[in-house]
Amino acid sequence: MARQIQFDTTGGPEVLKLVEVEPRAPNAGEVRIANKAIGLNFIDIYVRTGLYPVETPSLMGSEGAGVIEAVGDGVEDFAEGDRVAYVLGPKGAYADGITLPAEYVIALPPEIDFETAAASLLKGLTVQYLLRQTYAVGEDETILFHAAAGGVGLIACQWAHALGAHVIGTVSSAEKADIAHRNGAWMTIDYTRESVPDKVREFTDGAMVPVVYDSVGKDTWADSLACLRKRGLMVSFGNASGPVEDVNLAELNKGGSLFVTRPSLAGYADSRERFEMMCADLFDVLISGDVKIHIGQRFGLDEAGAAQQAVADRKTTGSTILLP
Ligand code: NDP
């Protein structure tokens, strides 16, 4: 038998239940993976609360890392015993193991351990497309990145620093500011008590920034637009404080012909070729040491609800993983 987290209705962390099931053998094109570590992402909270609707009952979790236990017919790229990670496939990573199509699986280089992989695949691929594709961050550019001490944030601070950029990161406490600085942030702003546009104006001598990466959503939308220089790009990629609604396009005109995009990882890693290219880029910065994964919290699989609550309550730094 294997344990997995499932939920029958959307709601608070208490809806997550640990149940025992018979592991499913892989069908053609699928593999069975024994999880060694599971990545917890803010998106899991959107799914549990119903912000991102799924059919219930549903499984939970989008990424993990482990060892292939069995392969289905027609799978040629993987074999039993391979060290792998997976992302973007069907929900169900919060479990002892998962059976899923091989197209969502990537072989792990020997230098990357399971915990690092589970803590960084979804978040690191997100940073890959944000900094290298959505807006190609260049040397000596100054960028604004919200929630800089979070899982995605700490990877972004280090990767942008390695690209030669100056990151202004927002955080909610002095402790988080310190962590962001130690991970490559040039300046930090405590957005719970400081004016973000005023601080950005001060740090940039009035020039403002060409791009803002905003995963906080509702609470930061207006301030983020106010931090952009003319024709700057607003990248709204998350809803930690709630979704951005009722956008008035005239605001983009008023800000100086601003651009806005609302990207997702699925929209960028939308073919096997692109997925592999993005993984190769991420693995390069992990292996070179340009990006080190900070695992701030480890929880047991049976503590999934508490783990999600800690992230939702802004009590975490860096990545959070579950251990089966
Ligand atoms: P984080 O570890 O970054 O946790 C979220 C952080 O957001 C918190 O630690 C907190 O940092 C900040 N925050 C600001 N306001 C709130 C609020 N009202 N409630 C809760 N948190 C708040 O999570 P992840 O690294 O997993 O994800 C970061 C963001 O990126 C999420 O919004 C997620 O949805 C988004 N994302 C988007 C993807 C995409 O492709 N579009 C893919 C992956 C992630 P502080 O206390 O410093 O304010």
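Here, residue 1 is the first one in the sequence, and each next residue gets the next number. Numbering of ligands and ligand atoms starts at 1, following listing order.
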(request) Could you check atom 39 (C) of ligand 1 against the protein and tell me its nearest heavy-atom contact, residue, atom and distance included? (result)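 Looking at atom 39 (C) of ligand 1, the protein heavy atom closest to it is Y129 OH, 3.2 Å.
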For ligand 1, is [X] a contact, meaning one of its heavy atoms is under 4.0 Å away?
X: R262; answer: yes
X: Y46; answer: yes
X: S264; answer: yes

(message) Under 4.5 Å side-chain heavy-atom separation, chaining through any Ile, Leu, Val, Met, Phe, Trp or Tyr, what else clusters with I179? Say none if it is isolated.
(response)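 Via sub-4.5 Å side-chain contacts, I179 links to L154.
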How does [X] reach ligand 1, if at all, at less than 4.0 Å between non-hydrogen atoms: by side chain, backbone, both, or neither?
X: P263; value: backbone
X: L122; value: side chain
X: V152; value: both

Let me check something: any side-chain donor-acceptor pairs from residues 1-8 under 3.5 Å, sequence neighbours excluded? List them with distances.
from, atom 1, to, atom 2, distance (Å)
R3, NE, D96, OD1, 3.4
R3, NE, D96, OD2, 3.3
R3, NH2, D96, OD1, 3.1
Q4, NE2, Q6, OE1, 3.3
D8, OD2, K17, NZ, 3.0

(request) Describe, in one word, how the ring planes of Y52 and Y46 are oriented to each other, choosing from parallel (under 30°), tilted (30 to 60°) and perpendicular (over 60°). (result)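 Tilted: the ring planes of Y52 and Y46 meet at 30° to 60°.
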(request) Answer yes or no: is there an ion pair linking D178 with R182, defined by an N-O contact shorter than 4.0 Å? (result)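 A salt bridge links D178 with R182.
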(message) Centroid separation under 6.0 Å, is that true for the rings of Y213 and F145?
(response)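 Distance test on ring centres: under 6.0 Å, yes.
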